[in-house]
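Worksheet: one structure, shown below.
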Amino acid sequence: MTLHTPSPAVAAALNNGTPVVALESTIITHGMPYPQNLEVARQVEADVRAGGAEPATIAVIDGTLHCGLTDTQLETLAQAKGVAKLSRADMAACMATGGTGATTVAATMIAARIAGIGVFATGGIGGVHKGAEGTFDISADLMELAQTPVTAVAAGAKAILDIPKTLEVLETQGVPVIAYGQDDMPAFWSRSAGLPAPLRMDRAADIAAAQAMRTAMGLPGGQLVVNPIPAEAEIDRATLAPIIAQATADADTYGITGKGVTPYLLQRIFELTDGRSLTANIALVRNNARLAAEIAAEMGKLVRHA
Ligand code: PSU
Ligand code: MN
């Protein structure tokens, strides 16, 4: 049984040792409005190519797990309404029944592992939601990082999450959280969450070497690289705090739960910031794509020298 279908470009890259970077699709279907989502998806793929790597945007279409989408597939996905948001729990069911769905961080990591791709770029990962002591809302992304050997590049945990609790769960699960080029933990739209990151690395080569060492030691799981948003695009924490409080309260009022929480909060913050959150989101995803391409290149060198 073939589990996944690489696009011709991704298949060629994997065959001839060109670095490949996986990209998620939930950010397209649930994270950004149309048409910006399509523009960003194309732009991020171009950023990966400019960094010398081949992009592999992941999605399940009519039951097929695609690694690398054609422009038509990207466009269809970007405009589609009611697409499923797939994580570890429901990805296989969607594939088995011929369904269509976008992949979250967790599902994208699973696909990357199946395809033989070692690194992937996203905006922000899921994490422990504020109030999780009551709702138990903890993203499956965290447990995925603990068990699937893929290095994920994100701009930190979103400020809509409880960042200290997210870091606690990652530590418990044995996931290295590596801030790129600074000591502080980045917080998605802001460069700092106001607390230190567990680890810091300044070179893509070190990040690649750390993943290789983990695997050599027989430790399952990947790494979370947290890459601060470019300074010119950041929204500072003080500006965002009341907006996040408002969005969280609204989610409560409307009884939003489960998979709906993250998309609702992102959309509400987009409205409350008059679109500024989207501009920041675009800048940080592109920045992560560039770093992921560098890490993919360094991973390739390690394989060739092994
Ligand atoms: N980051 C973004 N936009 C998004 C997401 C993350 O900037 O849409 C998505 C990712 O796919 C992530 C998911 O895996 O939200 C987390 O959802 P949940 O909290 O339901 O696990
Ligand atoms: Mn959740």
Side-chain angles (χ1 to χ4, degrees), residues 22-34 36-37 40-41 44 57-60 77-78 83-91 101-112 120-146 148 150 152-163 165-166 169-170 175 186-190 222 224 226-227 229 233 235 240 244 247-248 251-252 256-270 273 276-289 292:
L23 300 167
E24 65 151 305
S25 47
T26 295
I27 189 169
I28 303 172
T29 54
H30 294 72
M32 293 183 184
Y34 181 82
Q36 287 96 336
N37 59 350
V40 174
V44 168
T57 303
I58 312 278
V60 177
L77 208 59
V83 176
K85 171 182 161 188
L86 303 176
S87 190
R88 166 171 280 257
D90 43 16
M91 184 182 192
T103 52
T104 58
V105 168
T108 305
M109 288 178 69
I110 293 170
F120 107 95
T122 180
I125 57 152
V128 181
H129 278 268
K130 292 182 201 287
E133 58 274 28
T135 60
F136 277 43
D137 189 350
I138 301 175
S139 176
D141 292 352
L142 303 184
M143 277 54 86
E144 201 60 53
L145 283 160
T148 299
V150 173
V153 183
K158 266 167 270 178
I160 55 176
L161 301 168
D162 186 321
I163 296 179
K165 285 195 183 72
T166 300
V169 171
L170 287 166
V175 177
F188 200 69
W189 297 290
S190 319
L224 176 59
V226 284
N227 186 27
I229 182 172
I235 309 178
L240 271 178
I244 289 166
T248 310
D252 228 28
I256 314 284
T257 55
K259 282 171 178 281
V261 174
T262 297
Y264 176 85
L265 291 174
L266 289 175
Q267 170 61 26
R268 195 72 190 103
I269 291 167
F270 169 74
T273 59
R276 229 181 118 199
S277 66
L278 180 60
T279 312
N281 201 341
I282 294 168
L284 66 85
V285 181
R286 296 188 58 189
N287 194 42
N288 295 342

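Every number for a ligand or one of its atoms is a count from 1 in the order of the listing.
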(request) List for me each residue that meets side-chain hydrogen bond (donor to acceptor under 3.5 Å, both in side chains) alongside N281, sequence neighbours excluded, and say none if there are none. (result) none
(message) Under 3.5 Å, is there a donor on one side chain and an acceptor on the other for E24 and T122?
(response) yes
(request) For residues I235 and T279, determine if any side-chain heavy atom of one lies less than 4.5 Å from a side-chain heavy atom of the other. (result) no
(request) Could you grab the distance from atom CG of N37 to atom OG1 of T29, nearest 0.5 Å is fine? (result) 8.5 Å
(message) Which heavy atom of S87 sits nearest to which heavy atom of A107, and what is that distance?
(response) CA-CB, 4.0 Å
Nitrogen or oxygen contacts under 3.5 Å, ligand 1 side and protein side:
unit_1   : atom_1 : unit_2 : atom_2 : d
ligand 1 : 1 (N)  : G124   : N      : 3.3
ligand 1 : 1 (N)  : G124   : O      : 2.9
ligand 1 : 1 (N)  : K158   : NZ     : 2.9
ligand 1 : 11 (O) : E24    : OE1    : 2.6
ligand 1 : 11 (O) : E24    : OE2    : 3.3
ligand 1 : 14 (O) : V105   : N      : 2.9
ligand 1 : 14 (O) : D141   : OD1    : 3.3
ligand 1 : 14 (O) : D141   : OD2    : 2.7
ligand 1 : 17 (O) : K85    : NZ     : 3.1
ligand 1 : 19 (O) : T262   : OG1    : 2.8
ligand 1 : 20 (O) : K85    : NZ     : 2.7
ligand 1 : 21 (O) : S139   : OG     : 2.7

(request) State which residues pass side chain to side chain contact (heavy atoms under 4.5 Å, CB included) with T135; sequence neighbours excluded, sorted by chain then number. (result) A132, D137
(message) Under the side-chain contact (heavy atoms from CB on, under 4.5 Å) test against T57, which residue among I28, I27, T103 passes?
(response) I28
(request) Please round to the nearest 0.5 Å and tell me the distance separating atom CG of L278 and atom OG1 of T273. (result) 8.5 Å
(message) For the Mn ion (ligand 2), which protein N/O/S atoms fall under 2.8 Å? Skip waters.
(response) D137 OD1
(message) Nearest 0.5 angstrom please: M143 CE to D141 CG, how far?
(response) 9.0 Å
